[in-house]
Visitor: 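Quick one: the structure is below, and I'll ask about it shortly.
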Amino acid sequence: MILATWNVNSISVRIPHLISWLQQHQPDVLCIQETKVEDTKFPIDKIREIGYEAVFHGQKSYNGVAIISKLPMDKVEKTFRETPELDQARFIKAEIEGNVILNAYIPNGSYVGSDKYEYKLEWFSALRNYLNENQDSSKPVLLCGDFNVAPEDRDIYNPDRHRGEVMCSEQEREALSVIRDWGFVDAFRMHEEQTGHFTWWDYRLLGFKRKMGFRIDHIYVTESLAGKCKRSWIDIEPRKLDRPSDHTPLVAEFN
DNA sequence: ATGGTGGATGGTCCA
């Protein structure tokens, strides 16, 4: 199985890139974030035309997630907690060939100390509670998406320049480590120890041109899947296209 | 150079 994750930053704008990338790489599963469309406007027909199915959970203007798959999906869920008024269309789950696929768009957090930052930390905490109560780390579980956290200094082009800022503050890294310690392995870091591998570059900083990258998109897998993960890599080619998403796809391949 | 761009939307909010 080949699985990828990609924050597309509006599926309406990015659908040509998305279709092209699926046709070129033929992953079995692609988890996307920031679709920014209500479910009635999700471009399901274009996805079916190239041999994929999709399940999706969107809202107007903001957030929105989807799982696109060639393989049958079942046991789909679109929230992970009891308080739907806080649900911002940031989570979708499906099971594929016995693997639990959790696709998450973790809140950005705005700036350290803001209300949105507190919401981000609270969201991480709720996600850990969900894992505790609803999933089993001895089984094949995969959690992927845009985490909006660079776990270590080597995941930032220049960590000293951004020390303590949102996406790399100690509290965010600790919140992410609590998720990981439930029973996950970082698939990308199984195969690559070096810095210089990033999934996101800020539009505002003209970050891609200036090589100012962050590794904030991740594929976390439980041990039973980690043993089968033969490769994980970042495809920066879509970030070079006209009107790119600010993120680029991350891929993991399993035996 | 202490700002920059981009998406959804229709004045701002979000990232």
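Throughout, protein chains are lettered first and strands after them, A, B, ... in sequence-line order, and every chain is numbered starting at 1. All values derive from a computational prediction rather than experimental measurement.
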Visitor: Give the nucleotide from the list B:dT5, B:dA15, B:dG7 with an atom nearest to the side chain of A:Val13.
Guide: B:dG7
Visitor: Mind checking the P distance from B:dG3 to B:dG7? Whole angstroms is fine.
Guide: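 Their P atoms lie roughly 23 Å apart.
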Visitor: Looking at every heavy atom in both A:Ile234 and A:Phe198, which two are closest together, and how far apart are they?
Guide: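 Heavy-atom minimum between the residues: CG2-O, 3.3 Å.
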Visitor: Looking at every non-hydrogen atom in both residues, tell me the closest pair between A:Ile19 and A:Lys46 and how far apart they are.
Guide: CD1-O, 3.5 Å
Visitor: Side chains of A:Ile11 and A:Phe56: does their closest heavy-atom pair fall under 4.5 Å?
Guide: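 Of all side-chain heavy-atom pairs linking A:Phe56 with A:Ile11, none is under 4.5 Å.
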Visitor: Just compare B:dA8, B:dG7, B:dA15 and give me whichever is closest to any side-chain atom of A:Ser12.
Guide: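 When the side chain of A:Ser12 is considered, B:dA8 is the closest of B:dA8, B:dG7, B:dA15.
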Visitor: Whole-Å distance between B:dA8 P and A:Ile11 CD1?
Guide: 11 Å
Visitor: Respond yes when some side-chain nitrogen or oxygen of A:Lys60 is under 4.0 Å from OP1 or OP2 of B:dA8, and no when none is.
Guide: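 Answer is no, no contact under 4.0 Å.
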Visitor: Do any of residues 204-213 of chain A sit with a heavy atom less than 4.0 Å from DNA chain B, and if so which?
Guide: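 Going residue by residue through residues 204-213 of chain A, the ones with a heavy atom under 4.0 Å of DNA chain B turn out to be A:Arg204, A:Leu205, A:Leu206.
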Visitor: Taking the six-membered ring for Trp, are A:His25 and A:Trp21 closer than 6.0 Å centroid to centroid?
Guide: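 Yes: the rings meet the under 6.0 Å criterion.
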Visitor: Is any side-chain nitrogen or oxygen of A:Arg90 closer than 4.0 Å to OP1 or OP2 of B:dA15?
Guide: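 Yes.
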Visitor: How many Å lie between OH on A:Tyr62 and C1' on B:dC13, as a whole number?
Guide: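 Distance check: A:Tyr62 OH to B:dC13 C1' gives 4 Å.
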Visitor: Please measure how far the C1' atom in B:dG4 lies from the corresponding atom in B:dA15, and state the result in whole Å.
Guide: 14 Å
Visitor: Assign each of A:Thr35 and A:Pro107 to its nearest nucleotide of DNA chain B by heavy atoms, then name whichever residue's nucleotide is nearer the 5' end.
Guide: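 Residue closer to the 5' terminus by nearest nucleotide: A:Thr35.
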Visitor: Given side chains that start at C-beta, do those of A:Val185 and A:Met190 come closer than 4.5 Å, heavy atoms only?
Guide: yes
Visitor: Does a side-chain N or O from A:Arg243 land closer than 4.0 Å to OP1 or OP2 of B:dG7, or not?
Guide: yes
Visitor: Report the distance from atom CG of A:Asp242 to atom P of B:dG6, rounded to the nearest whole Å.
Guide: 11 Å
Visitor: For A:Lys240, is there an ion pair with A:Asp235 - N to carboxylate O distance below 4.0 angstrom?
Guide: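 So A:Asp235 does not pair with A:Lys240 through a salt bridge.
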Visitor: What is the separation between atom CG on A:Asp217 and atom C1' on B:dA15, rounded to the nearest whole Å?
Guide: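 Taking atom C1' of B:dA15 as the reference, CG of A:Asp217 is at 13 Å.
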Visitor: Please report, rounded to the nearest Å, how far the C1' atom of B:dG3 is from the CG atom of A:Asp202.
Guide: 12 Å
Visitor: Return the 5'-most residue of the pair A:Lys116, A:Arg161 with respect to DNA chain B, ranking by each residue's nearest nucleotide.
Guide: A:Arg161
Visitor: In this structure, how many angstroms lie between the C1' atom of B:dT5 and the NE2 atom of A:His247, rounded?
Guide: 14 Å
Visitor: Taking atom P of B:dG7 as reference, at what distance in whole Å does atom NZ of A:Lys41 sit?
Guide: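 Interatomic distance, NZ of A:Lys41 to P of B:dG7: 17 Å.
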Visitor: Quick one: side-chain hydrogen bond (donor to acceptor under 3.5 Å, both in side chains) partners of A:Asp153, sequence neighbours excluded?
Guide: A:Arg163, A:Arg173
Visitor: Roughly how many Å is it from CG in A:Asn63 to C1' in B:dG7, rounded to a whole number?
Guide: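 To the nearest whole Å, that distance equals 13 Å.
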